Amino acid sequence: MRLSRLPLNTLKEVPADAELISHQLMLRAGMIRKLASGLYTWLPMGLRVLRKIEQVVREEMNRAGAFELLMPSVQPAELWQESGRWSEYGPELLRFKDRHQREFCYGPTHEEVITDIARRELKSYRHLPVNYYQIQTKFRDEIRPRYGVMRAREFIMKDAYSFHLDQESLDAGYQAMFDAYSKIFTRLGLRFRTVQADSGAIGGNASQEFHVLADSGEDTIVFSNGDDYAANLEMAEALPPAAGKKKPGGDMRFVDTPDIRSIDELCSFLDTDPSGCIKTLLVDAEDDGLVALVLRGDHELNARKAEKMPGVREPLTMAAADKVKEVVGCEPGFIGPVDLPCPLFVDHSAAAVVDFVCGANQKDQHRVNGNWGRDLPDCASVDLRNVVDGDPSPTGKGTLSVVRGIEVGHIFKLGDKYSSSMNAQVLDANGQTQTLIMGCYGIGITRITAAAIEQNHDRRGIVWPPAMAPFDVALIPINQHKSDRVRDAADQLYEELNAMGLQVLVDDRNARPGVKFADMDLIGIPHRVVVAEKGLDGGSFEYKNRRDDEPRHLSIDELKDLLRSSQTET
RNA sequence: CGGGGCAUAGCGCAGCUUGGUAGCGCGUCUGCUUUGGGAGCAGAAGGUCGGGGGUUCGAAUCCCUCUGCCCCGACCA
């Protein structure tokens, strides 16, 4: 590709509304342009990257025995009504009507459509197992699209759906997808981790997420240094602290704490530590009353764990201030577990605090030296909090680290949620009707571009992993418009590298060298070859890898060998 | 959904308080010079100041309204 003909605009300045480095660099490198909130055009440079990712995904999906198909992005409401999700899905589902007033949605996912295909096409156990996949545009009307293509409303996803006669076959199909995903992300050159995930409302039993590790990630994941335990923060279990309670100290008493409402304020006022405090969160109960969730002052509530407690209303809702006043008789900020007129769930760690500080259930008052079993009844403790860095691993081996990740893949054992509601059945070997069981497997194609940049950039720009770079080689002739030798040498090298199957971008613009270097660094092409008068005299080309600091001088054969070996690596 | 902010040339911004002929940098175009890390000089094009309404002799500027976009929050005991 000749850059003089490629419609590429790079930006020196950072667009004001781009916050993440990947978003900034994608705009600056001329990969994407925003059309509206959460909607992006993929310009030629960006699209090349997407296609590279798709290529790897296709190869590995095909290798794993999956079959590509393509479903409509617009789906009729009837199918969603059949599965029950027309009413469950909420405002994220973009719904609209056609000219006949029939209802449709723009597909955020395709379980209904594929299940409809399955029930029409798959009639016999002989057809099973089968795995269909597609690479397609989805739409989810996110509350708050942000971070460029990281959390867009329209995005490209690879979604796969497998159908099985029995659990054993599903297990095997799921494992095959796990292996394929691991290969895909490895080939793409991403540092990733697999974690246990919440299978959530979808039903199913097993579910794992693939996360690209990045500080800017929106998800929090947890892993152990003692074994291969890794989980989503939502899922990670916090163990009860090791026994060894200290003896309670002096009697519990009240202290005046005027206008002290937060744990931080309380701690600086009383000169104590949050881990010696107890915080009591009031949430709505299923029966219109309140439920109290008791945590240590330095811990965070895990909403998913809290929702599982009997009597707690789903979704978890913090109690309104006037409701708190009505039930407890004082305002939020001074709530404590002693003599609290509502059911209590006490976190393991909170139950282990001795001589704790807590709210007194009276305005401007707290209690100190509170003790379980003495000042209020001991009770069975439960797991309510998010794990923190350094907690023991729930497997008993090692301690946990908490890091940020970008979810780029998710695999699920769905079971029969869709196949039973939509009657997807086959005849088994005995001629009996069996309901299909399903797995589903997603990869966020567009998001991978941003995730890769978050992980691979420097102050000059993007540093593409070779497998997804828009071009393999950036060829930079210096002063080619003045030097026929340079131009001829560059042209010849360009042809030869193309003939080797390399994708070469030659910067044949009549621009100063600094401009060319800066643009090629920004775009992030892995290999750079400079052709200049001074090198030609010595019969060498200047080569620099995007990751290197200093260039090397190579003969034409050395250069070709080096590039050839890089081709086989990916 | 709640709170905050922004909207002026392709991009980044100033001008608005105190109403009086719309500016700067980058980018783009032309010419000359320059050519190994985002060049210099000279010139040029490009703006319904987000839309609508109002106040005024006069509105980018003041008022009302609508729209779009961005940020924060939805863990407060």
Side-chain angles (χ1 to χ4, degrees), chain A residues 8-20 23-24 27-28 30 33-39 90-91 143-148 257 259-267 274 277-283 290 292-306 315-321 323-325 328 330-337 340 350 357-367 384-386 459-461 476-483 486 507 509-522 528 530-535 542 544 549 551:
Chain A
L8 174 73
N9 276 312
T10 55
L11 308 176
K12 256 194 272 192
E13 288 176 290
V14 181
D17 55 9
E19 207 184 345
L20 278 195
H23 188 194
Q24 295 173 0
L27 289 166
R28 288 188 53 210
R33 293 290 182 251
K34 184 169 77 174
L35 175 65
S37 181
L39 303 177
I143 298 180
R144 194 174 153 206
R146 59 185 131 174
Y147 305 142
T257 50
D259 277 330
I260 306 282
R261 286 181 173 77
S262 73
I263 290 282
D264 282 348
E265 289 167 351
L266 187 63
C267 286
C277 300
I278 292 289
K279 65 177 170 185
T280 306
L281 310 178
L282 295 175
V283 299
L290 297 179
L293 305 171
V294 181
L295 293 170
R296 211 169 78 182
D298 57 335
H299 285 152
E300 280 185 350
L301 181 67
N302 180 307
R304 188 181 153 279
K305 292 174 181 175
L316 189 74
T317 321
M318 300 311 289
K323 180 85 180 176
V324 172
K325 197 148 194 175
V328 184
C330 87
E331 58 186 271
F334 304 100
I335 307 297
L340 191 65
V357 179
C358 68
N361 300 327
Q362 293 179 39
K363 184 166 166 36
D364 296 340
Q365 294 256 298
H366 280 78
R367 297 177 197 258
L384 285 178
R385 67 177 175 96
N386 286 334
R459 65 186 179 85
R460 298 183 191 279
I476 302 184
I478 303 287
N479 291 331
Q480 58 147 18
H481 61 289
K482 277 192 167 176
S483 163
V486 168
D507 193 347
R509 297 176 298 180
N510 181 5
R512 298 166 63 83
V515 174
K516 298 185 180 187
F517 292 141
D519 272 346
M520 291 302 133
D521 286 344
L522 174 61
R528 186 185 84 183
V530 176
V531 179
E533 279 281 353
K534 60 185 182 188
E542 177 189 301
K544 190 174 97 61
D549 290 329

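This is a predicted model, so every value here is computed, not measured. Quick note: numbers below take in every heavy atom, side chains included, and nothing from hydrogens, waters or symmetry partners. A, B, ... follow the sequence lines: proteins, then strands. Residue 1 opens every chain.
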Check: Between A/V530 and A/F517, which heavy-atom pair has the shortest distance, and what is it?
Finding: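 Of all heavy-atom pairs spanning A/V530 and A/F517, the closest is CG2-CE2, 3.7 Å.
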When we call it a touch if two heavy atoms are under 4.0 Å apart, what does [X] touch: a base, just sugar-phosphate, or nothing?
| X | value |
| --- | --- |
| A/R528 | base |
| A/T280 | base |
| A/H366 | nothing |
| A/R28 | base |
| A/N361 | nothing |
| A/K34 | sugar-phosphate |

Tell me the interatomic distance from [X], atom [atom1], to [N], atom [atom2], rounded to whole angstroms.
| X | N | atom1 | atom2 | answer |
| --- | --- | --- | --- | --- |
| A/L20 | B/C71 | CG | P | 9 Å |
| A/L39 | B/G68 | CG | P | 13 Å |
| A/R460 | B/G36 | CZ | P | 16 Å |
| A/N9 | B/G27 | CG | P | 12 Å |
| A/D298 | B/A77 | CG | P | 12 Å |
| A/K516 | B/U35 | NZ | C1' | 10 Å |
| A/I476 | B/G38 | CD1 | P | 13 Å |
| A/N510 | B/U30 | CG | C1' | 15 Å |

Nearest 0.5 Å, what's the [atom1]-[atom2] distance between [X] and [Y]?
| X | Y | atom1 | atom2 | value |
| --- | --- | --- | --- | --- |
| A/R528 | A/I476 | CZ | CD1 | 5.5 Å |
| A/L522 | A/R460 | CG | CZ | 11.5 Å |
| A/H23 | A/D17 | NE2 | CG | 6.0 Å |
| A/I278 | A/I335 | CD1 | CD1 | 14.5 Å |
| A/R385 | A/D298 | CZ | CG | 8.0 Å |

Please confirm whether the backbone N or O of [Y] pairs with a side-chain atom of [X], one donor and one acceptor, at under 3.5 Å?
| X | Y | result |
| --- | --- | --- |
| A/R296 | A/C277 | no |
| A/Q480 | A/V486 | no |
| A/K516 | A/P477 | yes |
| A/K279 | A/H299 | yes |

Taking the minimum atom-to-atom distance to the side chain of [X], which one of [options] wins?
| X | options | answer |
| --- | --- | --- |
| A/I335 | B/G38, B/A77, B/C71 | B/A77 |
| A/R512 | B/U35, B/C1, B/G27 | B/U35 |
| A/A36 | B/G36, B/C1, B/C69 | B/C69 |
| A/D519 | B/C70, B/U35, B/G38 | B/G38 |
| A/I478 | B/G36, B/A39, B/A74 | B/G36 |
| A/E19 | B/C69, B/C71, B/C26 | B/C71 |
| A/K279 | B/G38, B/G36, B/A77 | B/A77 |
| A/V515 | B/G36, B/A39, B/C70 | B/A39 |

For [N] and [M], measure between their [atom1] atoms and round to the nearest Å.
| N | M | atom1 | value |
| --- | --- | --- | --- |
| B/A9 | B/G3 | P | 30 Å |
| B/G19 | B/U28 | P | 40 Å |
| B/A14 | B/G53 | P | 28 Å |
| B/U17 | B/U61 | P | 9 Å |
| B/G5 | B/A42 | C1' | 42 Å |
| B/C63 | B/G10 | C1' | 33 Å |
| B/U48 | B/C66 | P | 25 Å |
| B/U8 | B/A45 | P | 22 Å |

Paired with [N]: which nucleotide, if any, by Watson-Crick or G-U wobble criteria at under 3.5 Å for both distances?
| N | value |
| --- | --- |
| B/G12 | B/C24 |
| B/A42 | B/U30 |
| B/U48 | none |
| B/C1 | B/G73 |
| B/U18 | none |

Margin query: Run the side chain to side chain contact (heavy atoms under 4.5 Å, CB included) test on A/Q362 and A/F334 for me, step by step, so that the C-alpha distance in whole Å, both residues' side-chain angles and the decisive distance to 0.1 Å come before the verdict.
Written below: CA-CA 6 Å; A/Q362 293 179 39; A/F334 304 100; over 6 Å; no
Check: Starting at the 5' end of RNA chain B, which residue's closest nucleotide do you reach first, A/S37 or A/L266?
Finding: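 Residue closer to the 5' terminus by nearest nucleotide: A/S37.
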Check: Considering heavy-atom distances to RNA chain B, does A/F517 or A/V324 have its closest nucleotide positioned more toward the 5' end?
Finding: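 Here A/F517 is the residue nearer the 5' end.
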Item checked: Polar side-chain contact A/R509-B/G38 base: donor and acceptor under 3.5 Å ->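 Per atom types, no contact qualifies.
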Notebook entry, point to check: Between the base of B/G37 and the side chain of A/D521, is there a donor-acceptor distance below 3.5 Å?
Noted result: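 Looking at the base of B/G37, it does pair with a donor or acceptor on the side chain of A/D521 (distance under 3.5 Å).
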Distances under 3.5 Å between nitrogen or oxygen atoms of protein and nucleotides 10-14 of chain B:
unit_1, atom_1, unit_2, atom_2, d
B/C11, O2, A/E13, OE1, 3.4
B/G12, OP1, A/A16, N, 3.2

Atom pairs, N/O to N/O, protein against nucleotides 41-46 of chain B, distance under 3.5 Å?
none

Check: Out of A/L384, A/L282, A/T280, A/N302, which one pairs with A/L293 under the side chain to side chain contact (heavy atoms under 4.5 Å, CB included) rule?
Finding: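 Result for side chain to side chain contact (heavy atoms under 4.5 Å, CB included) with A/L293: A/L384.
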Next item on the list: Give a yes or no on this: more than 12 heavy atoms of other residues, nucleotides or ligands lie within 6.0 Å of atom NZ of A/K363.
Entry: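 Correct, the count exceeds 12.
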